Amino acid sequence: MKTLYIECNMGAAGDMLLASLAELTGDVKACEAELNSIGIPGVTYDFEKSAKCGIEGTHAHVVVNGVEEDEHMHEHGHEEHDHHHEEHEYSHDDHDHHHEHTHEEHAHTHEHEHEHHHEGGHHHHAHMSDIESIITGLKVSDKVKADALAVYGLIAEAESKAHGKPITDIHFHEVGTMDAVADIVGVCFLLEKIGADKIVVSPLATGFGQVRCAHGILPVPAPATASIIEGIPTYSGTVEGELLTPTGAALLKHFADRYGSRPVMAISNTGYGMGKKDFEKANMLRTFIGEEVSDDDDKVIEMSCNVDDMTGEEIGYATGVFMNSGALDVFTTPVYMKKNRPGILITCIVKPEDKEKFAKLIFEHTTTIGIRYTAMDRFRLSRHGEKVMTKYGEVSVKVSEGFGVTKVKPEYDDVSGIVGKE
């Protein structure tokens, strides 16, 4: 099973997820070009190399109308500097105030419709309906649109709960909105491109401490983030500051199939998405893609018995019964038994839940009076059938994939039919 594991030891932000997933595809610049072609108004994606604690990865820049959000809006915990934006004022509930945020990006929201007045000009606010209009107009699949809207819905619901206002009254700052849309749509787009069968996410580090805003000092995680992560395994960790953003939390909540440690898997590629700020710990989000050994699909029972008093016809008939009854495999092995008698070892590979069923079948259709069985784990490649056109006509082939290996083999019946025509 193709499994994506997302490791969030330093929390998660939209741009860190974006960069890590781009690395996971194996071609960061190709991802950059694809993302820049989907048509988010005024947005440009720019991936660049970045290193933390000697580990090289990728940092994702999202530029809105030529300006990065963090250049004039927020102080982020993943940045390389700290400041309180004394150069800018935000009009909010008839009070002027300064924001100090400690995360990479933030879907910046307010309870009232108004404009931000920056030295650089006006910035309007968007309703949730505006966000829906932007996303539905993009050059992406219907699945990516649906996923992106669902993620934004989680954020809007959390902000509504935090502010005590209906979702229709929640407004998103223009630049912060496009930055978040770019992160959310970009992550949804890359996840579709990667095509994992299952997504497993580690417990989320939130950071700890406080964040200062106009109305006082709030705890980390911020109220909106705290609402989103309800029901998700989280912990504060040892880093003071806001590591988990609302966008990061919402993306993970929407896509995670389960939470926990990295499963047993054969890793085919690893991605590193870097934040900006330097800590004693490497400030990165790491992703792994590979083939997971499923507990359900990859446990089998091997059942066997020895016989020395059955004819070849009887053994052939019995093995046919076992295969037709759902055995995963049946094979026979010549052996020497007691008193040097030649005999046959009959082996059936069956599903664990079929053990009792096959014990009965083996006793019914062989002369044995005892059966041995062993529970086993196994590795296996995923398999599917395809049709290919050859100079002899259409041929069915079996494609087996996994662990970085692909095998293609024509089906015996089709090949034998072709040989018969020659």
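Here, residue 1 is the first one in the sequence, and each next residue gets the next number. Please read these numbers as outputs of a predicted model, since none were measured by experiment.
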Take a 6.0 Å sphere around [atom1] of [X] and say whether it holds more than 12 heavy atoms from other residues, nucleotides or ligands.
X	atom1	answer
K29	NZ	yes
Y235	OH	yes
E394	CD	yes
K407	NZ	no
K49	NZ	yes

Looking at [X] and [Y], would you say the former's side chain and the latter's main chain have a donor-acceptor pair under 3.5 Å?
X	Y	value
N283	D278	no
S202	C8	yes
T25	A22	yes
T245	A13	no
E240	G209	no
K357	S325	yes
K398	K409	no
Y259	L204	no
S416	D413	yes
S400	R383	no

Over all atoms of both residues, closest heavy-atom pair of [X] and [Y]:
X	Y	value
P263	Y5	CD-CD1, 3.9 Å
I199	A196	CG1-CB, 4.4 Å
T270	E23	O-OE1, 4.3 Å
L35	L190	CD1-CD1, 4.5 Å
I344	P334	CD1-CA, 4.2 Å
L18	V187	CD1-N, 3.6 Å

Presence of salt bridge, K198 and E292, under 4.0 angstrom: yes

If you measure from [atom1] on [X] to [atom2] on [Y], what distance do you get to the nearest 0.5 Å?
X	Y	atom1	atom2	answer
I55	Y272	CD1	OH	6.0 Å
R262	F288	CZ	CZ	4.5 Å
K193	S141	NZ	OG	12.5 Å
K139	F189	NZ	CZ	12.0 Å
T366	I371	OG1	CD1	6.5 Å
E230	K253	CD	NZ	6.5 Å

Quick one: do R372 and L345 satisfy side chain to side chain contact (heavy atoms under 4.5 Å, CB included)? Show the steps, please. CA-CA 11 Å; R372 300 174 297 276; L345 170 65; 3.5 Å; yes

Of all residues at least two apart in sequence or in a different chain, which pass the side-chain contact (heavy atoms from CB on, under 4.5 Å) check with K355? I301, M303, Y373

Non-hydrogen side-chain atoms of [X] and [Y] separated by less than 4.5 Å:
X	Y	value
L154	H254	yes
E32	D46	yes
L138	V144	no
V43	V181	no
D147	F255	yes
T319	T332	yes
L381	E401	no
L244	I228	no

I155 and its side chain to side chain contact (heavy atoms under 4.5 Å, CB included) partner, picked from T225, I184, L251: I184

Under the side chain to side chain contact (heavy atoms under 4.5 Å, CB included) criterion, do E291 and K2 qualify, and how do the steps go? CA-CA 5 Å; E291 290 292 327; K2 188 176 183 181; 4.0 Å; yes

Between V201 and I232, does a side chain to side chain contact (heavy atoms under 4.5 Å, CB included) hold up when you go through it step by step? CA-CA 10 Å; V201 179; I232 295 176; over 6 Å; no

What is the ring orientation for F47 with Y45, classed by angle as parallel under 30°, tilted 30 to 60°, or perpendicular over 60°?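 Judged by the thresholds at 30° and 60°, the geometry between F47 and Y45 is parallel.
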
Start with the C-alpha gap between T206 and I229, add the side-chain angles, then the distance that decides, and say whether side chain to side chain contact (heavy atoms under 4.5 Å, CB included) holds. CA-CA 10 Å; T206 63; I229 63 176; 4.1 Å; yes

